[in-house]
Undergrad: 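Pasting in a structure now, in structure tokens, and then I'll have a few things to ask.
Computed from a predicted model, the values in this text were never measured in an experiment.
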Amino acid sequence: MRNARFIPVHRRAFTLIELLLVLVILGVLAAIVVPKLAGRSEDAKIKAARAEISILSGALDMFEVDNGRYPSTQEGLRALVERPANAESWRAYLKGGVPVDQWKNPYVYSYPGSNNPEGFDLHSLGPDGREGGDDITNWGQ
């Protein structure tokens with residue numbers, strides 16, 4: 001008498017791992033292709049730069065609360081990852097180093113700011129990589 005649960009050896013099917021791997025590959029491809037097809041990749045980079053400026057602004061504000069001042073222009077954003085000489089209550093405010101913008105350019109920081117005289121100016125040079133024009137800033141947003 002044959003066992004009803006017996007599955008012949010010559011029958012093969014995809015394993016769950018193989019199916020999941022295919023789904024992951026399709027998901028990665030879709031994440032790469034869909035924004036390019038929709039023409040939205042530049043918009044996504046601009047939004048990411050705005051979000052990163054907001055994160056950096058928050059870290060700079062925490063530096064100011066802890067140390068009673070913002071980092072000088074000379075100390076720059078590096079003061080968020082490396083202790084400046086005269087920062088008594090310094091903590092590490094960023095992990096992984098000072099980020100660059102989505103176009104691989106450094107963020108531009110100055111204190112005191114010319115656009116924010118009571119605070120700091122922080123901006124990305126934007127898609128064209130040049131000062132002015134399509135810059136993404138922490139003022140006028």
Undergrad: Tell me every residue that passes salt bridge (Lys or Arg N to Asp or Glu O under 4.0 Å) with D128, counting only those two or more places apart in sequence or in another chain.
TA: R130
Undergrad: My understanding is that only residues two or more places apart in sequence, or in another chain, count here; which of them pass salt bridge (Lys or Arg N to Asp or Glu O under 4.0 Å) with D134?
TA: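 For D134, no residue satisfies salt bridge (Lys or Arg N to Asp or Glu O under 4.0 Å) once neighbours in sequence are set aside.
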Undergrad: What's the spacing between L122 CG and Y111 OH if we round to 0.5 Å?
TA: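 Atom-to-atom, L122:CG and Y111:OH are 14.5 Å apart.
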Undergrad: When clusters are formed from ILVMFWY side-chain contacts under 4.5 Å, directly or step by step, what else is grouped with L26?
TA: V22
Undergrad: With sequence neighbours excluded, what pairs up with S114 under the side-chain hydrogen bond (donor to acceptor under 3.5 Å, both in side chains) test?
TA: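 Testing S114 for side-chain hydrogen bond (donor to acceptor under 3.5 Å, both in side chains), a comparison that skips the adjacent residues, returns D121.
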Undergrad: Measuring from atom CD of E75 to atom CG of N86, what distance do you get when rounded to the nearest 0.5 angstrom?
TA: 5.5 Å
Undergrad: Using a 4.5 Å cut-off on heavy atoms from C-beta on, say whether the side chain of D61 contacts that of Y70.
TA: yes
Undergrad: Could you check N105 against V100 for side chain to side chain contact (heavy atoms under 4.5 Å, CB included), going step by step and ending with a plain yes or no?
TA: CA-CA 5 Å; N105 297 312; V100 293; over 6 Å; no
Undergrad: If I take atom CH2 from residue W103 and atom CD1 from residue I46, how far apart are they, to the nearest 0.5 angstrom?
TA: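 It is 5.0 Å, given to the nearest 0.5 Å.
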Undergrad: R91: what forms a salt bridge (Lys or Arg N to Asp or Glu O under 4.0 Å) with it, not counting sequence neighbours?
TA: D66
Undergrad: Among residues at least two apart in sequence or on other chains, which ones pass side-chain contact (heavy atoms from CB on, under 4.5 Å) with Q74?
TA: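 Result, side-chain contact (heavy atoms from CB on, under 4.5 Å) vs Q74: S72.
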Undergrad: Mind checking the CG-CG spacing from L56 to L77? Nearest 0.5 Å is all I need.
TA: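 Interatomic distance, L56 CG to L77 CG, rounded to 0.5 Å: 6.0 Å.
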Undergrad: Side chains of P71 and F120: does their closest heavy-atom pair fall under 4.5 Å?
TA: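 They are not in contact (no side-chain heavy atoms under 4.5 Å apart), so the answer is no.
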Undergrad: Hey, could you give me the NE2/CG distance between H123 and D135, rounded to the nearest 0.5 Å?
TA: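 If I round to the nearest 0.5 Å, the distance is 4.5 Å.
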Undergrad: Decide whether M62 and L60 are clustered together by the hydrophobic rule: side chain heavy atoms of Ile, Leu, Val, Met, Phe, Trp, Tyr closer than 4.5 Å, transitively.
TA: yes
Undergrad: Output all residues satisfying side-chain hydrogen bond (donor to acceptor under 3.5 Å, both in side chains) with E88, sequence neighbours left out; order by chain, then residue number.
TA: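 So E88 forms no side-chain hydrogen bond (donor to acceptor under 3.5 Å, both in side chains) with any residue.
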Undergrad: Mind checking who shares a hydrophobic cluster with L125, ILVMFWY linked at side-chain heavy-atom distances under 4.5 Å?
TA: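 L125 shares its hydrophobic cluster with V108.
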Undergrad: Quick one: does S54's side chain have a donor or acceptor within less than 3.5 Å of a partner on R50's backbone?
TA: no
Undergrad: For E52, enumerate each residue passing the salt bridge (Lys or Arg N to Asp or Glu O under 4.0 Å) test, keeping only those at least two apart in sequence or located in another chain.
TA: none
Undergrad: For A87, which residues count as a side-chain contact (heavy atoms from CB on, under 4.5 Å) partner, sequence neighbours excluded?
TA: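 With neighbours one apart ignored, the set is F63, N67, R69, P84, W90.
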Undergrad: For Y107, which residues count as a ring pair (Phe, Tyr, Trp, His ring centres under 6.0 Å) partner, sequence neighbours excluded?
TA: none
Undergrad: Looking at P99 and L94, what are the two nearest heavy atoms and their distance?
TA: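 Heavy atoms of P99 and L94 come nearest at CD-CD1, 4.0 Å.
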Undergrad: What's the separation between atom OG in S124 and atom CD in Q102, rounded to the nearest 0.5 Å?
TA: 7.0 Å
Undergrad: Sequence neighbours excluded, which residues qualify as side-chain contact (heavy atoms from CB on, under 4.5 Å) partners of R78?
TA: V81, E82, V98
Undergrad: Among the clusters formed by ILVMFWY side chains lying less than 4.5 Å apart, do I17 and I25 turn up in the same one?
TA: no
